[in-house]
> 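Pasting a structure below so you can have a look.
Predicted model, so just to flag it, every value in this text is computed and none were measured. Numbers restart at 1 for each chain; the letters A, B, ... are given by sequence-line order, proteins then strands.
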Amino acid sequence: MESLQTPLMLVTLLCYVSAFGLLIYVFYSPREKVRKIARGINLLGFGLTTLLLGIRTVLIAGLPLTNTYEFGLCFAWAISLIFIIIDYRHNLTAAGLFVLPLIIGLMAWLITLDNSVRPLMPALRSPWLVIHVLTAVIAYGAFALSFVLAIMYLLKEKQNSMGTESKWARALPSLDLLDDLSYKLVFVGLPFLTIMLVTGAVWAEYSWGSYWSWDPKETWALITWFIYSVYLHVRFMVGWKGKKAAYLSILGFGAVMFTFIGVTYLLPGLHSYV
Amino acid sequence: MINGANSLVNPGNAWVKLKQGITGIFFKGSESMIKFFSSVKLAVVLIASLIIASIFATLYPKVNVFSSFWFRGLLLLFTLNLAVCTFKRLPAVWHKIFRKGELTPFILANSEYIKIEDSSNCAEKLLEHFKGKGYRIQTKEENGQLFIQAEKGFLNLIAPHLLHFALIVVLIGAFLGSFGTKGEVRGYVGQTVPVSNEPAMTVKINDFETLYDEDGAIDNWVSHLTLYVNNEEVKTGTTRVNHPFKYKGTVFYQSSYGYTHVVELVGEYNDTFALPDQKVFKIGDIPFNINQVRDGALLKIFRGHEIVDSILLAPGDKFTFPNGTTLTYLELIPFTILSVKKDPGTPVVMLGFVLVTIASTLFWTGRYQEIKVILDSGENALYYRVNCKNKTAVAEISNEVIKKVKGE
Ligand code: HEM
């Protein structure tokens, strides 16, 4: 089953790429039927991602949350899931134009990673790992979508301010909806990120005897948390909405991606395994 | 910038202000200091500074940012900010949650307005609707006007304040942590060794073992210990990764381990040696090492970097090198390294973490909603306003109210 993973990932990637291609086509010549097909193929991609996670669960006889590859797969899965939920609730297939490149990029990168099954090192054999990583997946998924909606907001806003009735302006939903959804996702994500930080710290206390060591991964997770808490405070207390909120959401997701990928590749640290 | 330069040149001014602020806190209260520290804008500035400092610290790990005086100063300001913010707002929240009895009539400026036909019937319907939806209702009748206030989602109202309070607890715990000590225990199985940061303590290392799971992968490392305080035995137990050994606030973590192989060499040398695991030695010009694996001690003979021979040795086994030197494997002695921590702040931090987690989950209990209604039987009009941070909810609740009032 182990050798099934890479081919399956390629097929999944193909699904997402074709869904993306169809959405671009719909963007240029709106056709309800094609949009529905794109939606269907995207759903298939999500189903295959779920299957991949299922296979992984069987392979490692536990939840697939233990290394970069598995976390990345869960991350892509969460982004895909939240996108599907938002799409069905608000008819926001256009968001796929921005979500899908994210998922495609993630998937393409995951294919290059080692997906063989390795035994877990003793420090990782802890129930805290599951809560820690699961909350991270949910928070990151929510922030990813908030980021996408923020970009859509800025694009639409720019179109509006130029006063042109362009394709973008028509394809994207109202500014209010984009702003509100983007904020709601931050509001959902932040408590999960908070629990992620706390459970990570408790776990570190049990395994290393130090709940906080300021290692780069920890520090960047804290920076991310700070950015999103600023987001909520300036939104309600200083009145930052719309454009400024969108920029903060983008900044926050930049920190998320740097914590996830940048720290591992660009900075030295303890967390070399996740 | 110029302001900052001024206060550097003339510290007296700043000092006077600080003193006034402190006196303000202790005496009259609600002075400028409190105002300063209760500002959310200050919070944003402080958090932004913490972000920039942290980014800098990860880019230049050689600079000691996190233990620096100024970083701790920032954290202190942040804690004060949080504390003033939280405690200043507490009475208002308390009042909102626990207020009882009659409502004080209120004014709804610029509120929504609906014309109605039968105001008595309408009030009944509305109240029933609110009750059914689980709202807490308070009413007051005055001058032909009926005031209704319906609220729910109190847990959500508490959430940010509990979260802030929890963060203060964590920060206080972290501060207490600076009074803690760290140390180490290292020794061979069978030895009794001192605990570096606890002069009264010694630890006897009874055993060390590597545990394997059913797939043959390393599951954990376990040290079996007996702890002595002033030479009196106080506790026996184990420490393993993720399950530290604890005694009255002193915690022992499995941090590292190793093996030493005791061998006797006859020929080129005639002595007993203690060889560290995996370290390469030479007999004649032949390099070798001994590596402890799951099944025993593995002797490896090299040519260059290539392994040309490997033999599993049990105590008593012999191996003869090409130059005639005989190695007799005598004994394996494992050693263990534990890190030791005594931190009076850790329980406080953990308590803070529990509160942080509770507060975080409270955010999912649904936004606090407050509906204010004035039913004016004289004008046959209904004024209402919905307060909620969730915009969609405001629209939904308003629609429900309108529907109820208009008789569906
Ligand atoms: C990084 C640390 C902080 C975190 C994670 C945090 C988190 C939060 C969260 C999640 C909310 C609720 C926002 C909402 O309802 O949408 C909130 C509200 C608030 N925060 Fe903070 N906060 C932090 C620091 C501070 C500081 C330092 C202050 C002091 C000025 C502050 C003042 C407030 C105020 C006044 C509210 C509004 C409370 C209300 O709803 O009545 N926060 N905070």
> With only heavy atoms counted, which part of Trp220(A) is less than 4.5 Å from chain B, the side chain, the backbone, both or neither?
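Only the side chain of Trp220(A) comes within 4.5 Å of chain B.
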> Could you tell me whether Lys243(A) atom NZ has more than 12 heavy atoms of other residues or ligands within 6.0 Å of it?
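Not more than 12 within 6.0 Å, no.
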> So Ile47(B) and Ser229(A), do their side chains get closer than 4.5 Å, heavy atoms only?
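With C-beta onward as the side chain, the pair touches.
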> Of the backbone (N, CA, C, O) and the side chain (C-beta and beyond), which part of Leu167(B) lies under 4.5 Å from a heavy atom of chain A, both, or neither?
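Contact with chain A is through the side chain of Leu167(B) alone.
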> Quick one, Tyr253(B) with Trp208(A), criterion side-chain contact (heavy atoms from CB on, under 4.5 Å). Give me CA distance, side-chain angles, the key distance, then yes/no.
CA-CA 7 Å; Tyr253(B) 300 88; Trp208(A) 295 308; over 6 Å; no
> Please determine, among Gly209(A), Ala204(A), Ala255(A), the option with the most heavy-atom pairs under 4.5 Å with chain B.
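Result: the option with the highest number of such pairs is Gly209(A).
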> Which atom names give the shortest non-hydrogen contact between Phe353(B) and Ala201(A), and what distance separates them?
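Taking every non-hydrogen atom into account, CE1-CB, 3.5 Å.
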> Tell me if the CZ atom of Phe175(B) is crowded by more than 12 foreign heavy atoms within 6.0 Å.
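No.
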> Working to the nearest 0.5 Å, report the span between OG1 of Thr194(A) and CZ of Phe363(B).
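Separation between the atoms: 8.0 Å.
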> With a cut-off of 6.0 Å (strictly less than), are more than 12 heavy atoms of other residues, nucleotides or ligands near CZ of Arg89(A)?
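No, CZ of Arg89(A) has 12 or fewer neighbouring heavy atoms, counting only those of other groups under 6.0 Å.
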> If I measure from the heavy atoms of chain B, does Ile227(A) come under 4.5 Å with its side chain, its backbone, both, or neither?
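Answer is both: backbone and side chain atoms of Ile227(A) are under 4.5 Å from chain B.
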> What I'd like to find out is whether the side chain of His243(B) reaches to under 4.5 Å of the side chain of Tyr206(A), using heavy atoms alone.
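No; the side chains remain at least 4.5 Å from each other.
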> Hey, can you tell me if Phe66(B) and Trp214(A) have their rings parallel, tilted or perpendicular (30° and 60° cut-offs)?
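Taking Trp214(A) first and then Phe66(B), their aromatic rings lie parallel (interplane angle under 30°).
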> If you tally heavy-atom pairs under 4.5 Å against chain A, which of Val356(B), Val349(B), Asn220(B) wins?
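Among Val356(B), Val349(B), Asn220(B), the one with the most close pairs to chain A is Val349(B).
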> Hey, mind stepping through Asn390(B) and Tyr183(A) against side-chain contact (heavy atoms from CB on, under 4.5 Å) and telling me if it holds?
CA-CA 10 Å; Asn390(B) 184 340; Tyr183(A) 146 69; over 6 Å; no
> As an exercise: rank Leu362(B), Ile218(B), Leu211(B) by heavy-atom pairs under 4.5 Å with chain A and give me the winner.
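Most heavy-atom pairs under 4.5 Å with chain A: Ile218(B).
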> Is atom CZ of Phe165(B) surrounded by more than 12 heavy atoms (other residues, nucleotides or ligands) closer than 6.0 Å?
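Incorrect, the count does not exceed 12.
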> Flag the one option from Gly177(B), Pro160(B), Ser360(B), Ala48(B) with the top tally of heavy-atom pairs under 4.5 Å to chain A.
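Looking at each option in turn, the highest pair count goes to Ser360(B).
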> For a ring pair (Phe, Tyr, Trp, His ring centres under 6.0 Å) check, start with the C-alpha distance between Trp364(B) and Phe192(A), then their side-chain angles and the critical distance, and finish with the verdict.
CA-CA 10 Å; Trp364(B) 301 316; Phe192(A) 281 103; 4.4 Å; yes
> Nearest 0.5 Å please: distance from the CG atom of Asp215(A) over to the OG1 atom of Thr58(B).
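The CG atom of Asp215(A) sits 10.5 Å away from the OG1 atom of Thr58(B).
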> With respect to chain A, which residue among Ile51(B), Leu59(B), Val340(B), Asp219(B) yields the maximal number of heavy-atom pairs within a distance under 4.5 Å?
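Top option by heavy-atom pairs under 4.5 Å: Asp219(B).
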> Starting from the C-alpha separation in whole Å, work towards a yes-or-no answer on side-chain contact (heavy atoms from CB on, under 4.5 Å) for Val44(B) and Met237(A).
CA-CA 10 Å; Val44(B) 172; Met237(A) 264 70 78; over 6 Å; no
> Using non-hydrogen atoms and a 4.5 Å limit, figure out which bit of Ala359(B) sits close to chain A: side chain, backbone, both or neither.
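Answer is neither: Ala359(B) stays 4.5 Å or more from chain A.
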> Under 4.5 Å from any heavy atom of chain A, what part of Ile55(B) do you find: side chain, backbone, both or neither?
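It is both, since atoms from each part get that close.
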> Looking at side-chain heavy atoms only, is the closest gap between Glu205(A) and Met350(B) below 4.5 Å?
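Sidechains of Met350(B) and Glu205(A): in contact.
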> Step through the shown structure and confirm whether more than 12 heavy atoms of other residues, nucleotides or ligands are within 6.0 Å of CZ on Arg186(B).
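Open.
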> In terms of heavy-atom pairs under 4.5 Å with chain A, which of Arg240(B), Lys391(B), Lys389(B) leads?
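Most heavy-atom pairs under 4.5 Å with chain A: Lys389(B).
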> For chain A, which candidate among Thr361(B), Thr357(B), Thr346(B) shows the most heavy-atom pairs at distances under 4.5 Å?
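If we count pairs closer than 4.5 Å to chain A, Thr346(B) comes out on top.
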> Is Val40(B) in contact with chain A via its backbone, its side chain, both, or neither, using a 4.5 Å heavy-atom distance?
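For Val40(B), the contact with chain A is made by the side chain alone.
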> Measure distances from Lys182(B) to the heavy atoms of chain A and classify the residue's part below 4.5 Å as side chain, backbone, both or neither.
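Only the side chain of Lys182(B) comes within 4.5 Å of chain A.
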> After noting the C-alpha distance and the side-chain angles of Trp203(A) and Asn242(B), does the key distance pass the side-chain contact (heavy atoms from CB on, under 4.5 Å) rule?
CA-CA 8 Å; Trp203(A) 179 22; Asn242(B) 286 325; 3.5 Å; yes
> Please tell me if the side chains of Lys41(B) and Val234(A) come closer than 4.5 Å, counting only heavy atoms from C-beta onward.
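A side-chain contact under 4.5 Å is absent here.
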> Which bit of Ser54(B) comes within less than 4.5 Å of chain A, counting heavy atoms only: side chain, backbone, both or neither?
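Both backbone and side chain.
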